[in-house]
Amino acid sequence: MHTCLPPTDAIEEWLNCYPSFKGSYGHLLLEQKEDPPPDLAGSLVPYFESAHEDARKYFSEQIGIDLHPDSDGVQNEAELLYPRCLPVSARRGLFGEVMAGMLTEQYTYIGKHEWDVPIFLFRYHADVEKYLFDLSRNDTRTRQVFGRFGSDFLGLCLDYEGNVIRFIAGEAKWRDKLNAGTIETLMLGSWVTDRETGERARSGKGVWFEVNRDTPVPHGLRQLQRLLRERDPGGHSAAILSLDKALALRNPVPIPRTNLILIAGNDVPSRDERMSLIPWQEMPKEYTAPNDLQVVELILKDGGDLIDQIYDTLWS
DNA sequence: CAGGAATTTTCGCGCTTTGC
DNA sequence: GCAAAGCGCGAAAATTCCTG
């Protein structure tokens with residue numbers, strides 16, 4: 001289970017936060033401070049290890065190699081360590097998903113709910129398993145990792161009895177440079193040219209599209225329930241039961257939902273201080289789902305280096 | 001205003017499963 | 001057999017910015 005609490009002090013030394021709330025819309029701008037704490041990566045590592053622990057154990061069992069650095073007799077051990085061995089872009093994606101969890105537990109979002117991330121769903125990143133499998137048998141092979149389907153991240157809000165009274169489903173994105181064009185492509189989709197008229201238009205397959213197609217119960221919720229049942233059936237019995245009711249095919253009991261969009265990446269010169277990438281004053285009109293929406297922008301400097309520092313030192 | 005530097009935008013690439 | 005989906009990066013082209 002993921003039990004590590006967010007490194008509150010380090011986060012506060014690292015980021016300036018500018019929250020705002022308007023109706024059912026929450027916006028949180030997070031800017032890296034001028035002088036981030038010296039060993040920031042080190043402060044974040046325990047949380048990342050906790051977040052990846054389930055997947056690490058799971059992949060280890062599935063692949064038949066031991067992913068723990070203390071084990072011996074395995075060739076290319078260091079190369080096989082999940083998630084260190086993953087290609088750059090896959091690491092970036094993972095970073096965004098872990099940060100979605102950390103920030104959700106750290107900051108107050110729209111609705112002021114107390115969010116809990118019991119476990120991360122990385123083990124369902126099916127292509128990673130295959131990647132590790134291939135890598136463990138052929139270390140010369142390098143390739144990219146195929147993305148995982150469904151929501152990037154799920155969190156729960158539990159009542160005092162442990163019942164799930166609300167969940168938060170997040171879409172987390174990392175981009176190396178957060179300039180206007182990148183954001184527009186991210187949110188609205190890439191340019192496509194009409195074959196007949198030759199006109200260019202956004203494909204519409206962006207984050208807004210993903211968030212709006214609001215399946216009442218995301219598949220990730222089923223996966224989350226399965227993990228709870230396997231890893232902590234006693235501690236989360238009430239949560240498992242309420243997810244049962246929500247996932248029932250007949251007469252499901254709906255659980256209120258909050259949507260989260262996390263945009264993370266490096267700052268660019270064209271952005272002024274405290275200037276957000278997505279408007280905070282009003283709920284963006286592109287958002288059509290009925291649920292509460294929380295947007296978080298995490299704007300860093302040399303974020304790629306930080307990610308590499310973190311992922312290079314996990315379990316070392 | 002020219003000319004080069006800095007930045008942003010665009011386009012293509014990688015990878016695997018799924019569906020027409 | 002090919003396009004699309006999901007995760008992004010990186011090189012080249014286009015634009016903007018700055019200085020003499």
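Throughout, protein chains are lettered first and strands after them, A, B, ... in sequence-line order, and every chain is numbered starting at 1. Side-chain atoms are counted along with the backbone in the values below, which use heavy atoms only and exclude waters and symmetry mates.
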Nearest-angstrom distance from the residue atom [atom1] of [X] to [atom2] of [N]:
{"X": "Leu94(A)", "N": "dG8(C)", "atom1": "CG", "atom2": "C1'", "result": "12 Å"}
{"X": "Asp176(A)", "N": "dC7(C)", "atom1": "CG", "atom2": "P", "result": "17 Å"}
{"X": "Glu97(A)", "N": "dC7(C)", "atom1": "CD", "atom2": "C1'", "result": "9 Å"}
{"X": "Asn266(A)", "N": "dT7(B)", "atom1": "CG", "atom2": "P", "result": "13 Å"}
{"X": "Tyr124(A)", "N": "dT17(B)", "atom1": "OH", "atom2": "P", "result": "19 Å"}
{"X": "Ile183(A)", "N": "dG8(C)", "atom1": "CD1", "atom2": "C1'", "result": "14 Å"}
{"X": "Arg175(A)", "N": "dT8(B)", "atom1": "CZ", "atom2": "P", "result": "16 Å"}
{"X": "Leu262(A)", "N": "dG8(C)", "atom1": "CG", "atom2": "P", "result": "10 Å"}

In terms of side-chain heavy atoms of [X], which of [options] is nearest?
{"X": "Ala180(A)", "options": "dG8(C), dT8(B), dT9(B)", "result": "dT9(B)"}
{"X": "Arg202(A)", "options": "dA4(C), dG8(C), dT10(B)", "result": "dT10(B)"}
{"X": "Pro269(A)", "options": "dG8(C), dC7(C), dT7(B)", "result": "dT7(B)"}

Please determine whether a side-chain nitrogen or oxygen atom of [X] lies at a distance below 4.0 Å from atom OP1 or OP2 of [N].
{"X": "Lys205(A)", "N": "dA4(C)", "answer": "no"}
{"X": "Trp191(A)", "N": "dT9(B)", "answer": "no"}
{"X": "Lys177(A)", "N": "dT7(B)", "answer": "no"}
{"X": "Arg92(A)", "N": "dC7(C)", "answer": "no"}

For this session: Could you please spell out the steps behind the side-chain hydrogen bond (donor to acceptor under 3.5 Å, both in side chains) verdict for Gln225(A) and Asp244(A)?
Result: CA-CA 8 Å; Gln225(A) 186 205 30; Asp244(A) 255 338; 3.0 Å; yes
Exercise. Pick one: which of Phe95(A), Phe120(A), Tyr311(A) meets ring pair (Phe, Tyr, Trp, His ring centres under 6.0 Å) with His52(A)?
Worked result: Tyr311(A)
For this session: Applying side-chain contact (heavy atoms from CB on, under 4.5 Å) between Pro36(A) and each of Glu34(A), Lys33(A), Gln32(A), report the one that passes.
Result: Gln32(A)
Between [X] and [Y], does any side-chain donor sit less than 3.5 Å from a side-chain acceptor?
{"X": "Ser190(A)", "Y": "Arg202(A)", "value": "no"}
{"X": "His27(A)", "Y": "Gln281(A)", "value": "no"}
{"X": "Thr104(A)", "Y": "Tyr109(A)", "value": "yes"}

Exercise. Checking all strands, does Asn179(A) fall into the base, sugar-phosphate, or nothing category for heavy-atom contacts under 4.0 angstrom?
Worked result: base
For this session: Just call it for Ser270(A): base, sugar-phosphate, or nothing, with non-hydrogen atoms closer than 4.0 Å on any strand.
Result: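 Touches sugar-phosphate only.
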Listed pairs, N/O of protein and of nucleotides 18-20 of chain B, under 3.5 Å:
none

For this session: Supply the members, apart from Phe21(A), of the Ile/Leu/Val/Met/Phe/Trp/Tyr cluster built from side-chain contacts under 4.5 Å; use none for a lone residue.
Result: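 The other cluster members (ILVMFWY side chains, heavy atoms under 4.5 Å, direct or chained) are Ile110(A).
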